[in-house]
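Down below is the structure, laid out as structure tokens.
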Number of protein chains: 2
Amino acid sequence: MERNAKLAGETVGPVETDAETPRRRSAGGRVKSGQIREMLEQEIVTGERLAGERLDEQAVALRFGVSRTPVREAINQLASAGLVELIPNRGAFVRETGLAELVEMFEVMAEMEGMAGRLAARRIAAPARARLQAAHLACENAAAREAPDDYYYENERFHQAIYDACGNGFLAAEARRLHQRLKAFRRLQLRVPHRMHQSLVEHRRIVAAIEVGDGATAEAELKSHIMVQGERFADLVASLTPKVS
Amino acid sequence: MERNAKLAGETVGPVETDAETPRRRSAGGRVKSGQIREMLEQEIVTGERLAGERLDEQAVALRFGVSRTPVREAINQLASAGLVELIPNRGAFVRETGLAELVEMFEVMAEMEGMAGRLAARRIAAPARARLQAAHLACENAAAREAPDDYYYENERFHQAIYDACGNGFLAAEARRLHQRLKAFRRLQLRVPHRMHQSLVEHRRIVAAIEVGDGATAEAELKSHIMVQGERFADLVASLTPKVS
DNA sequence: GTCAAGGAAATTGTATACGAAGTTGTGTCG
DNA sequence: CGACACAACTTCGTATACAATTTCCTTGAC
């Protein structure tokens, strides 16, 4: 675990610890509220918790071996993230993130990524450009090694680099938020065949457009890049769950 | 709970929090956590709470006559809304929404509104079209009456109508979130002269573009409409606060 | 037999208490 | 005189207890 986050510097963005948590509940260390949130989030997005199900606070608290207080905090965070609906004096109910809403979220994500790319093409500075090139090179290497897991990780860094390069800290933060929320769903997408190489081709076009300062092309390429992901994911979900509400 | 319309009459300044009589549990209504969040939010955006100031939980709890628990919930919500920064085992510090960040937020807002307009021009259905026309007519009437307060309120409804018409519920929710966050700042803008009539002219162009299904024009007009607001606001703030951090 | 009213059970929301982690001040040693 | 260490205070994070509100079941009346 991270010893401390010394918050060096004035970067205002929340430091998201997106560690792939090995789920160790009641194994020595005490679970923290963040871990509870993450586990509940996983259970919801994987469909382990059915839509409309009520999240009983003390039941969850009992399961994790903690009191109701951290469970409440975790549920509140899930509510503000939009994964559960909070009805006063009634309880927390898991919201079904149906296929339609997922497509909507990808549509918005595409717009924001496109905006970030457009701005980055105009505003990118030398350090950010170096980071973007480095991240892209890492993607190339991962693809050459036929390592989808590595590519997944480096792809994250690639998009983060674009967010950083756009020169709009608020946009970068919002894009990270949405990215984080879609991440759980996108994880299912790893198994789509040939997606990695196709993604890499799109990355090359994006980098090229940013390099020459062509904002319009960067925007269009990034929009398409994200929307394709959304469509692929929609196909995957539709094939997995034949019954759709 | 959104019933109370506190947006109409008041100017920005007076938020009677320090003069708040400590109405303890015997007198009238108990303050709820949502109210605490709202009051703290007001204090922060009005600048009553200086940037970097620490929000002491038990001090706030004492002021509102409640315990630390609802205060914690309120602060957590503010943190997820981005108004305060939460440092583990250190406390909650109010984040300064400096002029630069406000411009960034308006830039994102413009993009989202433009997207909503573009989608609305293609997807708008009859009921939403009727609501949009009604909201626009109300704006026209308010402007004809030279009633800026009424125009402010009807303008809210106008933009809400566009969000509703875009056919993307997630985008509508996100746009509302941003709109809500910028609302407090936008209120300062009422006193800018001639802004109301200029805004109305832009509204007419937006409605016309949506009516004929011209998504590109609707997007461009809405982007410009919001960015102008952001620039006007930046001018206003810059003129009010000559010293910039 | 059905509907309504009232009470009991359950659950959320809030209050208070306690442990943990951090910061600061002071004392001592180099 | 300066630096390091220890202790005490402060404050967050969590646990437990209580109050308020809702829901469901039972009972009584029509």
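Here is the naming used below: chain letters follow the sequence lines, and residue numbers restart at 1 for every chain. Note that this is a predicted model, so its numbers are computed, not measured.
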Between [X] and [N], is there a side-chain N or O to OP1/OP2 distance below 4.0 Å?
| X | N | answer |
| --- | --- | --- |
| A:Thr69 | D:dT14 | no |
| A:Arg90 | D:dT23 | yes |
| B:Arg54 | D:dC12 | yes |
| A:Arg72 | C:dG13 | yes |

To the nearest Å, give me how far apart [atom1] ([X]) and [atom2] ([N]) are.
| X | N | atom1 | atom2 | value |
| --- | --- | --- | --- | --- |
| B:Arg37 | C:dT14 | CZ | P | 14 Å |
| A:Phe64 | D:dT14 | CZ | C1' | 16 Å |
| B:Leu62 | D:dT11 | CG | C1' | 15 Å |
| A:Glu57 | D:dA17 | CD | P | 17 Å |
| B:Ile75 | D:dT11 | CD1 | C1' | 12 Å |
| A:Leu55 | C:dG13 | CG | P | 13 Å |
| A:Asp56 | C:dA9 | CG | P | 18 Å |
| B:Ile87 | C:dT23 | CD1 | C1' | 13 Å |

When you measure from the side chain of A:Asn89, which nucleotide among D:dT22, D:dT16, C:dA15 comes out closest?
D:dT22
Locate the shortest heavy-atom distance separating [X] from [Y]; write the atom from each residue and the value.
| X | Y | answer |
| --- | --- | --- |
| B:Glu57 | B:Val71 | O-CG1, 3.8 Å |
| A:Cys166 | A:Ala116 | CB-O, 3.5 Å |
| A:Tyr151 | A:Cys139 | CD1-O, 3.6 Å |
| B:Glu104 | A:Gly167 | OE2-O, 3.8 Å |

Assign A:Glu73 to base, sugar-phosphate, or nothing according to its heavy-atom contacts below 4.0 angstrom with the strands shown.
nothing
Could you check whether the rings of A:His159 and A:His179 sit parallel, tilted or perpendicular, using 30° and 60° as the cut-offs?
tilted
The answer to which of B:Gln58 and A:Pro70 contacts DNA chain D further toward the 5' end, by nearest nucleotide, is B:Gln58
